[in-house]
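Naming: A, B, ... by sequence-line order, numbering from 1 per chain. Source: prediction; values computed, not measured.
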Protein chains: 2
Amino acid sequence: MMPLNGNEGIALYAQVREAIREQITSGKLKPGERLLPEEELAILMGASRMTVRRGILDLIDEGVLYRRRGVGTFIAHRHIDRHHNRLTGYFESAAEEGFVPRIEVLLREITGATLMVARALNLREDEPIVRVRTLRLADDQPLAVHDEHVSYRLYPDILDAGIETRQLWELLSERGDPVRRAVQRVEARLAEDEIARLLGVEEGAPILYKLRTVYSEDGRPVEFAICYNRGDRYSLTTTLTR
Amino acid sequence: MMPLNGNEGIALYAQVREAIREQITSGKLKPGERLLPEEELAILMGASRMTVRRGILDLIDEGVLYRRRGVGTFIAHRHIDRHHNRLTGYFESAAEEGFVPRIEVLLREITGATLMVARALNLREDEPIVRVRTLRLADDQPLAVHDEHVSYRLYPDILDAGIETRQLWELLSERGDPVRRAVQRVEARLAEDEIARLLGVEEGAPILYKLRTVYSEDGRPVEFAICYNRGDRYSLTTTLTR
DNA sequence: GAGTGGTCTAGACCACCCG
DNA sequence: GGGTGGTCTAGACCACTCG
């Protein structure tokens, strides 16, 4: 472990974190081996113990390291294990997973909130909302139908903003409501007439049905989506921690 | 915000965190309002700024607070928003969600790893594994069929340990491999003959199909499960963060 | 008892945002 | 320019684990 070279503009704890990560990915530190104690790392890297510690804690959070009190900090096996709980847009996901994304707008309207939508968005029933129904295609094959809802009062001009090529909440971010987290629930269902037709599957084909509420930084719900995903082409991965 | 009373044995930052949380849940601090600056809180609560900060950061992680650089720390709306990414056992979940859990062991055997199992557990194909198939019931209604797999070499005596009433990985924890995280993938599928019969549904009924690999603290995969969940009774909730 | 991580302090300087 | 959070320091004491 060498002293850190002066990467100016990057926080020291981040440099510590990446230096340790580099030692692992380069194979100088192997799974199961013990990391040097915080104190020694601090001296070697020319940082305070608290700073080294912060870098280490980041890596523990990622599952790259683990520690046992009174014993030491160790390199975990299988640090391939990414977090799968990042909120990403359709185009981002496509870039990561390597497919060509396309979105077709099937419907856009201003209508009254159903009870389910109203509850999710913290509105009263029948309050005006913008509803956009889109078909999402991956490599030109239908993947999902989304029904997205936002409050019309909060975002009266959202329909003019190029929904064809952007995820709705990317637009919301630019309007001063940066989305920060989402809660989604999935179920298995069967395709019914219209959804089956749109997705190009038989009626009774399996559908991963997903309800997603997206919250802005300040904790307000800003978007609610009902998603019908083709069971044969769509799966969802999650990381759980104890 | 009062000075902390001497709750001995509890870390000061945790007391800070809970004191702030209490101010929010009791309504003394309302959504959208600004929290006192770190410096002032430190003085009021009789702790150092770094300690107060740590408590605040915990709450930000939970989505209870949010902050803007150079501006302040604010109380988020809707702090109902729990993290849904906690790895819990069937009996824990039942206690939280309020149903009566029951597990019936359908099959237990020592067999060779299929390719899928071997890949997940980092073994070679045909290496001996313990396989346990269980039926999980909620309020005496079938909910899911699980096929759980662990390495026979690592846990030769796992079959003697009361799988009927315990989740497999709870036993693993007691054997010195505390489970720490899991990665699971879900898809929608249709029930086929045997699974349909076991779950008490028609063939072609929707099934939430889940593959779950559970990792121990040190990052080794310790358990791999294939789960068939009844689509009409089972849903899965996840929190995503940006 | 020696070594480790867990907590905590009382400062400090900086970057950012606002009026 | 004044207030905020973001980073960083150089110590300190404690709790836990292990031989």
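Ion pair R21(B)/E18(B) flagged as a salt bridge, since at least one NZ, NE, NH1 or NH2 atom sits closer than 4.0 Å to an Asp/Glu carboxylate oxygen.
By the neighbour-count criterion of 12 heavy atoms within 6.0 Å, atom OH of Y155(A) is densely surrounded, having more than that number from other residues, nucleotides or ligands. Heavy-atom contacts from other residues, nucleotides or ligands closer than 6.0 Å to CZ of R133(A) number more than 12.
In this structure, R54(A) reaches the sugar-phosphate backbone alone: every heavy-atom distance under 4.0 Å involves primed, P, OP1 or OP2 atoms, never a base.
Both P37(B) and M50(B) lie near DNA chain D, and the one whose nearest nucleotide falls closer to the 5' end is P37(B). Nucleotides of DNA chain D nearest to T73(B) and T51(A) differ in position, and the one nearer the 5' end is that of T73(B).
By the 6.0 Å and 45° rule, R34(B) does not stack over the aromatic ring of F74(B). A cation-pi geometry, defined here as NZ or CZ lying under 6.0 Å from the six-membered ring centre and within 45° of its normal, does not hold between R181(A) and Y215(A). A cation-pi arrangement, defined by a distance under 6.0 Å to the six-membered ring centre and an angle within 45 degrees of its axis, is absent between R180(A) and Y66(B).
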Filtered N/O pairs between nucleotides 14-19 of chain C and protein, under 3.5 Å:
{"residue": "dA15(C)", "atom": "O4'", "partner": "R69(B)", "partner atom": "NH2", "Å": "3.4"}

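Put simply, chain B comes within 4.0 Å of DNA chain D, heavy atom to any atom, from dG3(D) to dC8(D), going 5' to 3'.
Looking at residues two or more places apart in sequence or on another chain, you find no salt bridge (Lys or Arg N to Asp or Glu O under 4.0 Å) involving D126(B).
Here L35(A) contributes atom CG and T73(A) contributes atom OG1; the two are 6.0 Å apart, rounded to the nearest 0.5 Å.
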